[in-house]
Amino acid sequence: MIGHRSLCLDEATNAGFPSLDLALTTTPSGRPPTTDGRTWYEATAEPAPRWPPLSGAARADVVVVGGGLTGLSAALHLAEAGRDVVVLEASRVGAGASGRNGGQLVTGQRRDQDELEAALGKPLAARLFDLAELAKVLVHDLAARHAIAYDYRPGLLHVAHRRRFLGEMQDYVLKLRDAYGYTQLSYLDRDALHALLASPGYHGATLDTGAGHLHPLAFVRGLASAAAAAGARIAEQTAALAVEERGAAAVRVRTASGHVDADHLILALNAGGEAVHPGLLGRIMPIDNYVVVTEPLGADGARALIGNGAAVSDSRFVINYFRCTSDHRLLFGGGETYGQRRARDVAQIVRPHLQAVFPQMQGVRIDYGWSGTVAITRRRLPWFGRLAPRTLVAGGYSGQGLAIATLAGKLMAEAVEGASDGFDTFAAIPHARFPGGRWARWPILALAMTWFGLRDRL
C-alpha cells in the first residue's frame with residue numbers, strides 16, 4: 001500500500017468519537033523509533049533459518065533472483081514439480097517489500113474493474129479479476145498446506161475521504177455483484193462506518209469480507225521454509241550482479257562469490273535490480289513508503305479505533321492505510337519520499353498523517369517505524385514479461401502485491417513447465433517505460449506525485 005501526505009480532513013473534529021483511556025507518551029523530538037530499524041514484523045515473527053551465501057559455481061534447472069513472495073512462490077512450485085532450483089537473495093528472505101508491507105490481502109487489481117474494462121477491454125479485465133481471486137485463494141491454501149501461522153483476519157474497509165466518491169462506491173458494489181458475481185462487498189453509509197471506525201474525516205465506505213490482513217513476514221518466511229523442504233536451494237546475502245545469456249538454452253547469473261548456470265531464469269526483483277538486466281531499466285519505479293506501529297493500546301483501545309478489526313485504506317490516489325495488530329497496536333502507513341535518499345526519522349514523517357486520521361491519538365508513543373520500497377509501474381498494474389526465451393520477469397505490484405506477487409511466482413513456475421496461460425494474461429497488459437532515463441525520471445516522478453497529492457486535497 002502506498003501512503004502520502006494527508007492534511008486537514010474536511011475540517012473534521014473529534015466530536016462524537018470515544019477517547020482512548022491511555023497514558024500516552026510523546027516520543028522525544030528527534031529520536032527515531034527503534035533506532036536499529038527493526039520492524040514490528042521482525043519483532044513478532046518466529047525466528048527464521050539462515051541460509052548460507054553462494055560460494056563458487058552452481059548448476060540448476062532454474063535460477064530465481066529475489067527471495068521475496070514472487071521468488072519463493074516460484075521456487076516452491078518448481079521444486080514441488082521436481083525442478084532443481086537455486087534462489088539468490090541479496091539480503092535476507094523477506095527483507096524487501098514482501099516482509100515490510102501493510103499486510104493487506106486485497107480483492108482485485110490496483111485499478112478497479114471499471115478502469116480495467118475501459119483501458120484493456122472487458123475480456124482481459126474479467127480474466128484479471130479471476131486471477132486476483134485465485135491469488136487470494138492461493139495465499140490461504142499455501143498457508144494451510146504448509147502450516148504457516150500467518151495471523152490472518154478478515155475484513156477490509158475502503159473509506160471515502162470525499163463525499164463525492166460515495167455514489168461511485170455504491171455503484172461499484174453493484175458492479176462486482178452483477179458483472180462479476182462477487183457478493184462479499186457491501187456499502188456502508190457515514191453512520192454505519194462511524195459505528196466501526198473512530199475517524200471523523202471519512203464519509204462512507206465499502207466493506208470487503210472476502211479480503212483481510214495478515215503477518216506478511218511470517219508468511220514469506222513460511223514460504224521459504226516450504227521451498228527449502230521441497231528441495232530448493234536458498235542463498236542469502238548473495239546479490240545477483242549480472243546476467244549473461246549463453247545461447248537459447250542457458251543463462252548464467254554472476255554474483256560476487258560465484259555464479260549459477262541454469263536453463264531458465266526468473267527475475268523476481270520488484271523494486272530493485274535494474275543493474276542486473278538491461279531489460280528492467282525504466283519499467284518499474286521504486287518509491288519509499290513509511291510505516292509506524294504504536295505502543296500497545298489494549299484490546300479495548302484497539303477496538304475503540306476499529307470496532308470490527310478490519311484493515312482500512314482510504315480513497316486518496318496515494319493512500320493512508322492502517323489496521324490494529326494482534327497485540328493491539330495501531331499499524332499505520334503514510335508518507336512517501338521520491339528519489340534515492342530515504343528519510344531517517346520515520347515517526348516524524350508518519351505522525352502527522354496518523355493524527356489527522358485519528359485526532360484522539362495525539363501524542364501516542366510510536367514503538368516501531370520503518371521504510372519500505374514500493375515498486376510502481378506507469379499503469380499501476382504488475383509488469384510480466386519475457387526478456388529472453390527462457391528469462392521471465394514479474395514485478396511492479398504498485399502497493400497491492402501481497403496476493404498478486406504470490407500468484408506471480410506460481411504463474412512463472414507454470415510457464416517454465418510449459419503452461420503459460422496465466423502468465424500470458426498478465427503479459428498482455430501493455431506497459432510503457434517511465435520517461436527520463438536513469439536519472440531524469442526521478443524529478444519527473446516527484447512532480448507527478450506532487451500533483452496527485454494536491455489532487456487528493458481538492
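Looking only at side-chain heavy atoms (C-beta outward), L128 and F426 come within less than 4.5 Å of each other. Q104 is listed as a side-chain neighbour of L156, based on a closest heavy-atom distance under 4.5 Å. Two residues are said to be in side-chain contact when any heavy atoms from C-beta on lie closer than 4.5 Å; S199 and V312 fail this criterion. With contacts defined as side-chain heavy-atom distances shorter than 4.5 Å, the pair Q109/F129 does not qualify. For the pair I429 and F384, the minimum side-chain heavy-atom distance is 4.5 Å or more. In this structure, S225 and P49 have side chains that are in contact, with non-hydrogen atoms separated by less than 4.5 Å. The closest side-chain heavy-atom distance from L88 to I234 is not below 4.5 Å. The closest side-chain heavy-atom distance from L381 to H431 is below 4.5 Å.
Ionic pairing of D261 and R252 is present here: one or more N-O contacts between side-chain nitrogen and carboxylate oxygen are shorter than 4.0 angstrom. A salt bridge links R233 with D84: the closest approach of a Lys/Arg side-chain nitrogen to an acidic carboxylate oxygen falls below 4.0 angstrom. Salt bridge annotation for D263-R59: present, with a cationic side-chain nitrogen under 4.0 angstrom from a carboxylate oxygen. The existence of a salt bridge linking E168 and K175 is excluded, since no basic side-chain nitrogen approaches an acidic carboxylate oxygen closer than 4.0 Å. With salt bridges taken as basic N to acidic carboxylate O contacts below 4.0 Å, none links E89 and R92. With respect to E80 and R145, a salt bridge is recorded, a charged nitrogen being found less than 4.0 Å from a carboxylate O.
Taking CD1 of I284 as the reference point, atom CG of L269 lies at 8.5 Å (rounded to 0.5 Å). Distance OG1/T44 to CG/L217: 8.0 Å, rounded to 0.5 Å. Once rounded to the nearest 0.5 Å, the distance linking CE of M285 with OG1 of T377 reads 11.0 Å. In this structure, OG on S371 lies 5.5 Å from CZ on R100, to the nearest 0.5 angstrom. Considering CG of L392 and CZ of F423, their distance stands at 4.5 Å, rounded to 0.5 Å.
Nearest heavy atom pair, residue A97 against residue T373, reads CB-O, 3.4 Å.
In this structure, D114 places its CG atom where more than 12 heavy-atom neighbours from other residues, nucleotides or ligands lie under 6.0 Å away. Few gaps surround CD on Q184; more than 12 heavy atoms of other groups in view lie less than 6.0 Å from it.
E245 places no side-chain N or O within 3.5 Å of a backbone atom of V251 that could act as its donor or acceptor partner. Listed for the R254 side chain is no donor-acceptor partner under 3.5 Å among the backbone atoms of A240. Looking at H215, its side chain never comes within 3.5 Å of a backbone N or O of A149 through a donor-acceptor pair.
Tested against V291, the residues W40, Y41, Y321 include a single side chain to side chain contact (heavy atoms under 4.5 Å, CB included) partner, Y321.
For Y180 and D130, the side-chain atoms include no donor-acceptor pair closer than 3.5 Å. No donor-acceptor contact under 3.5 angstrom links the side chains of H158 and T206, judged on distance only. A donor atom on one side chain and an acceptor atom on the other are not found under 3.5 Å apart for N101 and Y397. At a cut-off of 3.5 Å, with distance as the only test, no side-chain donor of H194 or Y202 sits close to an acceptor on the other residue.
The aromatic rings of Y150 and Y152 lie parallel to each other, with less than 30° between the two planes, well short of the 60° mark.
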Can R50 and E236 be said to form a salt bridge (charged side-chain N to carboxylate O under 4.0 Å, His left out), step by step?
CA-CA 7 Å; R50 288 186 177 272; E236 293 184 316; 5.2 Å; no

With salt bridge (charged side-chain N to carboxylate O under 4.0 Å, His left out) as the criterion, how do K410 and D141 come out once you've worked through the C-alpha distance, each side chain's angles and the decisive distance to 0.1 Å?
CA-CA 13 Å; K410 182 176 188 290; D141 285 352; over 6 Å; no

